[in-house]
Amino acid sequence: MPPKLCQLCNETRAVLKRPKTGQHICRECFYYVFETEIHNTIMEANLFSPGDRVAIGASGGKDSTVLAYVMKVLNERYNYGLDLHLLSIDEGIRGYRDDSLETVKRNQQQYDMPLKILSYEELYGWSMDRIVEQVGRKNNCTFCGVFRRQALDRGAANIGVDHILTGHNADDIAETVLMNIMRGDIARLGRCTLITTQGEDTIKRSKPFKYVYEKEIVMYAYFKKLDYFSTECIYSPDAYRGHARTFLKDLEASRPSAIIDIIHSGEAFEVRQEVKAKAKAQTTCKRCGYMSSNELCKACSLLEGLERGMGGLAVVRGRCRGLDVAEMKQKDR
Amino acid sequence: MSTVSLKVEFSGGLELLFNNQRQIKLDLPAQVPSDSQTVVAAGGQADASEGRPADVRYLIHWLKDNRLKERPELFVENGTVRPGILVLINDTDWELEGEEEYVLENGDDIVFISTLHGG
């Protein structure tokens with residue numbers, strides 16, 4: 001078979017079939033379109049102003065490693081004028097997070113960005129290892145997810161940044177759209193496709209990789225020989241997300257545009273006014289002051305359960321939280 | 001019997017299924033033998049594949065039967081690699097090279113990368 005030429009430059013041998021467009025492209029054109037599309041996403045959403053202090057949520061995995069690299073490239077190429085930082089959360093999982101944090105420490109050197117690591121231990125007094133000791137392996141992902149979200153905000157406040165970037169890619173977002181539909185979580189369905197979210201008291205968060213396919217992120221990391229870490233968490237993975245992911249990958253295999261199509265579907269949903277009205281108003285947690293839709297925020301109610309030695313119960317209560325939570329409370333009374 | 005020498009690499013977490021080896025060198029029979037267990041393609045296509053030259057489909061099955069140490073369902077599904085595993089043939093996306101049908105040549109470098117691990 002004769003080598004196929006790049007359909008963009010018509011000069012060099014193609015090395016990649018783009019999942020988004022089906023185009024065959026060469027390495028240099030791939031770098032160019034990959035980086036330029038992210039730049040366009042940033043410009044269209046008007047994500048930054050010169051002088052912004054921006055933290056990249058860095059786990060050492062492929063997405064955040066590529067994000068740190070590309071943000072550095074774009075910041076220099078287009079003079080965004082950003083002050084870029086790396087922010088990592090140490091969940092306290094021996095043999096998993098301690099190894100991935102070594103990758104982040106190397107990224108700090110490679111990309112010349114200041115790094116802040118914040119641990120669950122120092123924030124909450126509990127490491128994930130200890131939480132799993134107490135609650136077992138069934139609900140631990142709930143703890144980890146809730147704690148990480150707050151931890152990033154607190155870490156960002158700690159280093160005085162205005163904006164957090166995360167490496168969520170198009171596949172992640174499509175997966176979340178599917179999960180929110182399957183759970184009937186209308187509030188999250190409305191939010192999960194937004195490129196930027198910001199609560200009243202929280203720091204702005206954005207996903208510059210919103211339209212970037214995972215395949216291209218992995219290929220970019222491979223061709224650029226970026227240093228990333230890829231081991232599964234040693235605790236049981238989020239099974240529900242796992243099913244959504246497998247389903248999505250099967251869809252993608254038969255029609256690659258499925259991922260972007262699902263994101264567009266998620267964006268196109270419009271939540272009826274009477275449904276919106278039912279959603280609970282945001283207030284602040286009376287224990288820690290973090291935004292919350294109940295008296296205690298999710299992290300504090302999980303912590304309370306842990307301290308009382310009944311972590312599992314807090315999760316069961318937390319699970320009930322949906323649109324009809326107010327109604328259920330009425331019935332309880 | 002003649003063989004093809006290959007370099008095979010695993011990354012993105014896939015190496016964990018292969019005894020934590022990131023790179024292996026191997027010699028594969030240049031023709032797919034018709035009577036070996038290793039070559040039975042999923043769905044009982046063994047007859048159709050008799051005597052054909054070794055291709056990537058055969059390599060995937062050979063790896064599964066000879067080198068894979070655990071959880072084969074994370075590597076193979078429906079007779080090919082599981083969706084979400086990227087394959088490069090001599091640093092080119094296998095989608096440009098005919099995927100499973102690509103006929104292996106001496107010195108080929110085949111890379112398998114899982115995209116299924118956290119980012």
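None of these values were measured; they are calculated from a predicted model. Chain letters run A, B, ... following the sequence lines, proteins first and then strands; every chain starts at 1.
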| Can you check salt bridge (Lys or Arg N to Asp or Glu O under 4.0 Å) on B:E97 and A:R13, steps first, answer last? | CA-CA 12 Å; B:E97 299 284 348; A:R13 213 175 128 251; 3.4 Å; yes
| Given the rule in the salt bridge (Lys or Arg N to Asp or Glu O under 4.0 Å) test, do A:K215 and B:E95 qualify, once you have shown the distances and angles that lead to the verdict? | CA-CA 12 Å; A:K215 174 181 173 180; B:E95 292 186 49; 2.7 Å; yes
| query | What's the verdict on side-chain contact (heavy atoms from CB on, under 4.5 Å) for A:Y213 and B:T115, showing C-alpha distance, side-chain angles and the deciding distance? | reply | CA-CA 11 Å; A:Y213 271 59; B:T115 64; over 6 Å; no
| task | Show the numbers, then the answer: is there a side-chain contact (heavy atoms from CB on, under 4.5 Å) between A:H24 and B:D93? | result | CA-CA 10 Å; A:H24 303 166; B:D93 187 354; over 6 Å; no
| field | side-chain contact (heavy atoms from CB on, under 4.5 Å) between A:K4 and B:T92, intermediate numbers included | value | CA-CA 11 Å; A:K4 292 173 173 151; B:T92 297; over 6 Å; no
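A search for side chain to side chain donor-acceptor pair (under 3.5 Å) contacts involving A:S100 returns A:R97, not counting sequence neighbours.
Closest heavy-atom contact between B:P83 and A:K249: CB-O, 3.6 Å.
Interatomic distance, B:E73 CD to A:T246 OG1, rounded to the nearest 0.5 Å: 11.0 Å. Here the CG atom belonging to B:D91 is positioned 9.5 Å from the CE atom belonging to A:M219, to the nearest 0.5 angstrom.
Ranked by heavy-atom pairs under 4.5 Å with chain B, the first of A:V66, A:D250, A:L16 is A:L16. Contact count versus chain A (heavy atoms, under 4.5 Å) is highest, among B:I89, B:N90, B:V111, for B:V111.
Residue A:F247 qualifies as open at atom CZ: its count of foreign heavy atoms under 6.0 Å is 12 or below.
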